[in-house]
Amino acid sequence: MTPHECKYYQRIGQGQVECLLCPHHCRIAEGKTGRCRSRRNAGGILVSDAYGHPCALAIDPVEKKPLYHFHPGTQCLSMACTGCNFHCHNCQNHDISQVAPREVSRYDVTAEQMTEMCLSHHCPGIAYTYTEPLTYIEYVGDIARLAHQKGLWNILVTAGYVCEQPLQDLLPYIDAANIDLKSFSDDIYQRVSGGRLSVVLDTILAMRDAKVWIELTNLVIPGINDDMHMIRRMCQWMVRHRLEDAPLHFSRFFPQYRMRDIPPTPLHTLESARRVAQEEGLRHVYLGNV
């Protein structure tokens, strides 16, 4: 496949382009890529090196996304391309999220072939997961539109760091999403992931308004985001924004990537977080990785 031109960018002179997909607004020189490593300036045109080149394909239970209240008991075709616009120190999929497409083995799969693959394996839907699917939004969008035409549903598993217009263009084709709400602190977002909390909150609310089924995951990391006062503020925000019925998954941390010196999350910490969430009025609270 030839490189696929991206939708969201502008030329800014001296051969540079500015990516308009996410709030990083990377200014990219000729031959270079943005933070996600998969969107590249090729002669003044921003192209996606990930388009049509998934690095991971699997059939998963929908509960693995995790989605507990969206067609439970069914399976989905899970796919991922390399790339992420966050650089989380604890990333469990860093071998595919923190690399460029050319650095890993990958398949050549058109959008049409992806939907046919889903149908041939009798899966009712496709999950865009494992890495950050918003960094290859053009590929996701083309697959998702075809999937809807064939009666399949689409699941987005994302950190939610995206600009408003690209998100609005994609949402009509998304049926469910699990958003990784990494903490309720802008400082932690900047230090650990390289982003801003407010953008993720805006993404969650945009999905709510678009009637996408939402579930949230909060990975609780000892000494980083396990403060119960902060977790309480997060739960209060959910209730205040009519998300008390959205399942919240508190997930247990295990040493990964650049956080190998931090121990696993104690079970009592997760139980305390669940108790706080229930006290604040959240109706569906789950513990993961326990």
Side-chain angles (χ1 to χ4, degrees), residues 22-24 35-36 63-68 80 83-99 129-135 156-162 177-204 214-238 243 246-280 282 284-290:
C22 85
H24 292 314
R35 293 194 188 194
C36 65
E63 289 85 356
K64 187 179 176 182
K65 297 305 99 190
L67 289 173
Y68 282 9
C84 186
N85 52 358
F86 276 171
H87 300 305
C88 300
H89 297 177
N90 59 289
C91 182
Q92 66 176 354
N93 289 327
H94 57 89
D95 55 335
I96 56 175
S97 71
Q98 304 299 312
V99 297
T129 181
Y130 304 144
T131 57
E132 179 46 73
L134 294 175
T135 62
L156 194 67
V157 182
T158 177
Y161 206 66
V162 65
N178 185 289
I179 305 99
D180 189 5
L181 184 53
K182 298 178 182 295
S183 77
F184 210 68
S185 161
D186 193 62
D187 175 66
I188 294 173
Y189 255 93
Q190 292 182 66
R191 287 191 292 109
V192 176
S193 301
R196 306 302 296 259
L197 169 64
S198 61
V199 176
V200 180
L201 298 182
D202 288 344
T203 295
I204 294 170
I214 297 170
E215 302 195 19
L216 303 180
T217 294
N218 179 227
L219 178 70
V220 182
I221 306 173
I224 302 294
N225 65 345
D226 58 347
D227 177 75
M228 291 302 143
H229 297 293
M230 182 175 64
I231 289 174
R232 189 176 295 277
R233 291 196 303 273
M234 179 181 72
C235 298
Q236 290 171 342
W237 179 88
M238 290 180 62
L243 292 167
L248 174 61
H249 303 260
F250 287 115
S251 190
R252 190 183 190 197
F253 166 85
F254 286 94
Q256 292 283 350
Y257 196 31
R258 296 173 179 169
M259 284 189 172
R260 296 187 182 276
D261 58 336
I262 297 178
T265 315
L267 183 57
H268 66 79
T269 300
L270 297 179
E271 291 170 339
S272 295
R274 178 171 58 189
R275 186 163 53 251
V276 166
Q278 291 171 336
E279 288 172 357
E280 293 302 328
L282 297 187
H284 310 289
V285 187
Y286 300 100
L287 305 185
N289 285 347
V290 295

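Treat the numbers as computed from the prediction; the structure is a model and nothing was measured.
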Calculate, to the nearest 0.5 Å, the distance between atoms CD and CD1 belonging to Gln92 and Ile96 respectively. 9.5 Å

Counting C-beta onward and ignoring hydrogens, is there a side-chain heavy-atom pair between Tyr189 and Arg196 closer than 4.5 Å? no

Is there a donor-acceptor contact under 3.5 Å from the side chain of Ser97 to the main chain of Asn93? yes

In Å and rounded to the nearest 0.5 Å, what is the OH to CG distance from Tyr257 to Asp95? 10.0 Å

Is a side-chain donor or acceptor of Arg35 paired with a backbone partner of Asn85 at a separation under 3.5 angstrom? no

Give a yes or no on whether the backbone of Ser185 and the side-chain of Ser183 come within a donor-acceptor separation of less than 3.5 Å. yes

Mind telling me whether Phe86 and Tyr161 have parallel, tilted or perpendicular rings, with 30° and 60° as the class edges? tilted

Out of curiosity, His249 NE2 to Asp180 CG, how far, rounded to the nearest 0.5 Å? 11.5 Å

Starting from the C-alpha separation in whole Å, work towards a yes-or-no answer on side chain to side chain donor-acceptor pair (under 3.5 Å) for Gln256 and His94. CA-CA 9 Å; Gln256 292 283 350; His94 57 89; 4.9 Å; no

Note, Phe250 side chain near Ile231 side chain (heavy atom, < 4.5 Å): yes

Starting from the C-alpha separation in whole Å, work towards a yes-or-no answer on side chain to side chain contact (heavy atoms under 4.5 Å, CB included) for Glu279 and Arg232. CA-CA 9 Å; Glu279 288 172 357; Arg232 189 176 295 277; 3.0 Å; yes

May I ask you to test the Leu181-Leu197 pair for a side-chain heavy-atom distance under 4.5 Å? yes

Among Met259, Lys182, His89, the one residue meeting side chain to side chain contact (heavy atoms under 4.5 Å, CB included) with Ile221: Met259

Determine the minimum heavy-atom distance between Ala80 and Thr129, stating which atoms define it. CB-O, 3.0 Å

Closest heavy-atom contact between Pro263 and Pro222? O-CG, 3.4 Å

Please find the pair of heavy atoms, one from Pro66 and one from Glu215, that lie closest to each other, and give the distance. O-OE1, 3.7 Å

Ignoring hydrogens and angles, tell me if any N or O in the side chain of Asp226 forms a donor-acceptor pair with the backbone of Val220 under 3.5 Å. no

Assess the side chains of Thr217 and Asn178: does a donor N or O sit below 3.5 Å from an acceptor N or O? yes

In this structure, CD1 of Ile224 is separated from CE of Met230 (nearest 0.5 Å) by 9.5 Å

Enclosure of Glu271 CD (heavy-atom neighbours >12, cutoff 6.0 Å): yes

Could you measure the distance from the CD1 atom of Ile188 to the OG atom of Ser193? Nearest 0.5 Å is fine. 9.5 Å

Are Glu132 and Thr158 close enough that some pair of their side-chain heavy atoms sits under 4.5 Å apart? yes

Of all heavy-atom pairs linking Gly83 and Thr131, the shortest is O-CB, 3.4 Å

Okay, side chain of Asn289, backbone of Arg252: is any donor-acceptor separation there less than 3.5 Å? yes

Specify the closest pair of heavy atoms between Tyr130 and Lys65, including all atoms of both residues, with the distance to one decimal. CE2-NZ, 4.1 Å

In sequence, state the C-alpha distance, the side-chain angles, and the governing distance for Leu248 and His284, and then conclude on side chain to side chain contact (heavy atoms under 4.5 Å, CB included). CA-CA 6 Å; Leu248 174 61; His284 310 289; over 6 Å; no

Which pair of heavy atoms, one from Gly194 and one from His24, lies closest together, and at what distance? O-CE1, 3.0 Å

Using a 3.5 Å distance criterion without hydrogens, assess whether the side chain of Asn225 forms a donor-acceptor pair with backbone atoms of Leu219. yes

